[in-house]
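A short write-up of the structure that comes next.
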Amino acid sequence: MRPINPALRAVNGSHQVLIVGGGAAGIAVAASLMSRDSHLDVAIIDPAQLHYYQPGWTLVGGGVFSAESTVRSMASLIPKGVTWIRNAVSQFEPDNNALVLDDGRVLAYDQLIVCPGLKLDWAAIDGLPQALGNNGVTSNYRYDLAPYTWQQVQQLRQGQALFSQPPMPIKCAGAPQKALYLSCDHWLRHGRLGAINASFMNAGGVLFGVADYVPALMEYIRKYAIDLNFGHNLVAVDGPGKRATFVRILADGSQQTLERAFDLLHVVPPQCAPDFIRHSPLADAAGWIDVDPGSLRHTRFVNIHGLGDATNTSNAKTAAAARKQAPVVANNVLVALKRLTRLAEYDGYGSCPLTVERGKIVLAEFTYGGKLAPSFPNWLLDGRQPTRRAWWLKERLLPPLYWRGMLKGHEWLAQPTLTMDTPKT
Ligand SMILES: Cc1cc2nc3c(=O)[nH]c(=O)nc-3n(C[C@H](O)[C@H](O)[C@H](O)COP(=O)(O)OP(=O)(O)OC[C@H]3O[C@@H](n4cnc5c(N)ncnc54)[C@H](O)[C@@H]3O)c2cc1C
């Protein structure tokens, strides 16, 4: 018997476990559930026909990967035995253990896992949507534009190259500067860096949120003679005029507006929770899914769980985080279904491979509170230094780890930590 109130609505279908979103987190958690219990009745709701390996887009923008190598059909990734519902969720009714799809159908669940990623808010920057893809305005945050980044980087001979970073939180906080360093490396190797001036226009106040990695990054800022600006928030783009407008907050709290001419502009858009999450009972005050940082269970609804970019946990929003979160959520959903007894706990692991030059990476790996959490001993790979090994990891090891490990429920480098806690109901 499902605990739904039939008086409220007619229910069009029900599943033991419903998963909202079939991205990195959704496919991984479905695979982890099925690898624990292949008889579960699990459905993934996602309207997208394609699934992207977004961590690859930095290397597309750097001319290393083809865009095509970062995409697969959603159908090919849905784990065996899992139902795919090709629709979007528009509303949640957690008190009725039900949700509403875009086409009006109502689905009920015993356990709900919510992982629809975040919203890239391109329209929050005046003129940006029209400007993208022309006049040197680009972004590695879009599949179709990452190849344009590489084309523009190769074509640029001289002038001003601007790289923007919006206020936090964003997914892969290092990605704005990855684009910056890989572009500068190309220009340096081709003897153009004197004629091209690169500027990093960062809305935040630090180069990277975990201080241990900043010295290595600063070496590259100096090496490429990058004009480093903090507190500069991109608010408008004039593509044909090739001008970008920034708002700068001064020490006394007043604002200054300034315009910069550009020949190349790499934009990272502001990011927020998707509208249907922000306006739902699942959201916290800032709009993100409100979960317990350890169990990833919703703070108010005991049969709802969240993971991936859409939650309000303070980890780095990365696929690496989703890789560690998925087994935790799978375990805890099975505890809720009384199939397992011990809860698992997520430690806030996230990772950001900072591509400081072609062939070398500073590999940031850390848990909640910015505590370093290297996957390898320092003698093998010191993440605080630029290394060829970390590049090899990013280029050769992480894509198969994603496609063949994480999305298949193998949980390589992601075994969950079990606690002695029994669940609170
Ligand atoms: C340029 C770039 C570089 C990055 N580099 C790295 C890196 O080096 N390392 C790393 O670990 N991570 C990196 N990331 C971040 C990583 O890609 C994300 O953190 C990860 O994809 C988050 O997974 P997710 O499942 O939460 O969201 P997504 O993978 O974005 O998937 C969300 C899914 O939800 C679906 N959805 C949305 N709305 C609805 C709805 N209403 N109903 C149903 N389904 C819905 C979408 O169609 C989509 O399939 C990078 C990202 C970018 C853009």
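Note that ligands are numbered from 1 as they come in the structure, with each ligand's atoms numbered from 1 the same way. Just so you know, these numbers come straight off a predicted model, no measurement behind them.
- At least one N or O atom of A320 sits closer than 3.5 Å to an N or O atom of ligand 1.
- Distances between N or O atoms of P353 and those of ligand 1 include no value under 3.5 Å.
- With distances taken over non-hydrogen atoms, the option nearest atom 27 (O) of ligand 1 out of S90, G21, P55, G117 is G117.
- With a 4.5 Å cut-off on side-chain heavy atoms, M201 and R260 count as touching.
- In this structure, H298 and F301 have tilted ring planes: the angle between them lies in the 30° to 60° band.
- The heavy atom nearest to atom 43 (C) of ligand 1, considering only D102, I45, V60, is found in I45.
- With 3.5 Å as the limit, one finds no donor-acceptor pair spanning the side chains of N97 and D110.
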Distance-only donor-acceptor hits, side chain of residues 47-54, under 3.5 Å, sequence neighbours excluded:
from	atom 1	to	atom 2	distance (Å)
H51	ND1	G22	O	3.0
H51	NE2	Y402	OH	2.6
Q54	OE1	K171	NZ	2.7

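- With atom 46 (C) of ligand 1 as the reference point, the heavy atom nearest to it among L363, D46, T149 is part of D46.
- Judged by distance alone, with hydrogens and angles left aside, the side-chain atoms of S280 form a donor-acceptor pair with the main-chain N or O of I277 at under 3.5 Å.
- Listed by atom number, the atoms of ligand 1 under 4.0 Å from P47 heavy atoms are 43 (C), 44 (N).
- For D290, the salt bridge (charged side-chain N to carboxylate O under 4.0 Å, His left out) partners at least two apart in sequence or on another chain are R300.
- Between F92 and F276, the distance separating the two ring centers is shorter than 6.0 angstrom.
- Considering only non-hydrogen protein atoms, atom 1 (C) of ligand 1 sits nearest to N140 O, 3.4 Å.
- Taking only nitrogen or oxygen atoms, main chain and side chain alike, A25 reaches within less than 3.5 Å of ligand 1.
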The test is side-chain hydrogen bond (donor to acceptor under 3.5 Å, both in side chains); show your working for T58 and T355 and say whether it passes. CA-CA 8 Å; T58 295; T355 50; 5.8 Å; no
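- When non-hydrogen atoms are compared, ligand 1 lies under 4.0 Å from the side chain of F276 (C-beta onward) but not from its backbone.
- Ligand 1 has no N or O atom lying under 3.5 Å from any N or O atom of Y141, backbone or side chain.
- With a 4.0 Å heavy-atom cut-off, ligand 1 is reached by no atom of H51.
- A donor atom on one side chain and an acceptor atom on the other are found under 3.5 Å apart for Y220 and E357.
- When hydrogens are left out, the protein atom nearest atom 14 (N) of ligand 1 is C172 CB, 3.6 Å; that is the closest non-hydrogen contact.
- The distance from ligand 1 to the heavy atoms of G23 drops below 4.0 Å at these ligand atoms: 25 (O), 29 (O), 31 (O), 33 (C), 49 (O).
- Looking only at heavy atoms of the protein, atom 12 (N) of ligand 1 is closest to A319 N, 3.0 Å.
- Counting heavy atoms closer than 4.0 Å to ligand 1, residue Q54 contributes atoms from both its backbone and its side chain.
- Contact annotation: the side chain of N197 never approaches that of D227 to less than 4.5 Å [non-hydrogen atoms, C-beta and beyond].
- Residue P116 approaches ligand 1 through these ligand atoms, each under 4.0 Å from one of its heavy atoms: 32 (C), 34 (O), 36 (N), 37 (C), 38 (N).
- With ligand atoms numbered from 1 in the order given, ligand 1 contributes 26 (O) to contacts under 4.0 Å with heavy atoms of G308.
- Considering backbone and side-chain N/O atoms, V89 comes within less than 3.5 Å of an N/O atom of ligand 1.
- Every atom of ligand 1 is numbered from 1 in the order shown, and the set under 4.0 Å from a heavy atom of A48 is 47 (O).
- At least one donor-acceptor pair closer than 3.5 Å links the side chain of D292 to the backbone N or O of S295.
- Of the protein's non-hydrogen atoms, the one nearest atom 8 (O) of ligand 1 is K178 NZ, 2.9 Å.
- Between the side chain of N202 and the backbone N or O of N229, no donor-acceptor pair lies under 3.5 Å.
- The contact set between ligand 1 and A88, taken as ligand atoms under 4.0 Å from a residue heavy atom, comprises 41 (N), 42 (N).
- A donor-acceptor pair is defined here as one N or O able to donate and one able to accept, closer than 3.5 Å; such a pair exists between the side chain of Y213 and the backbone of E365.
- Protein heavy atom in closest approach to atom 23 (O) of ligand 1: A24 CB, 3.5 Å.
- Under 4.0 Å from ligand 1, the heavy atoms of K394 that appear belong solely to its side chain.
- Within a 6.0 Å sphere centred on CG of D126, heavy atoms belonging to other residues, nucleotides or ligands number 12 at most.
- Some N or O of D309 is nearer than 3.5 Å to an N or O of ligand 1, by distance alone.
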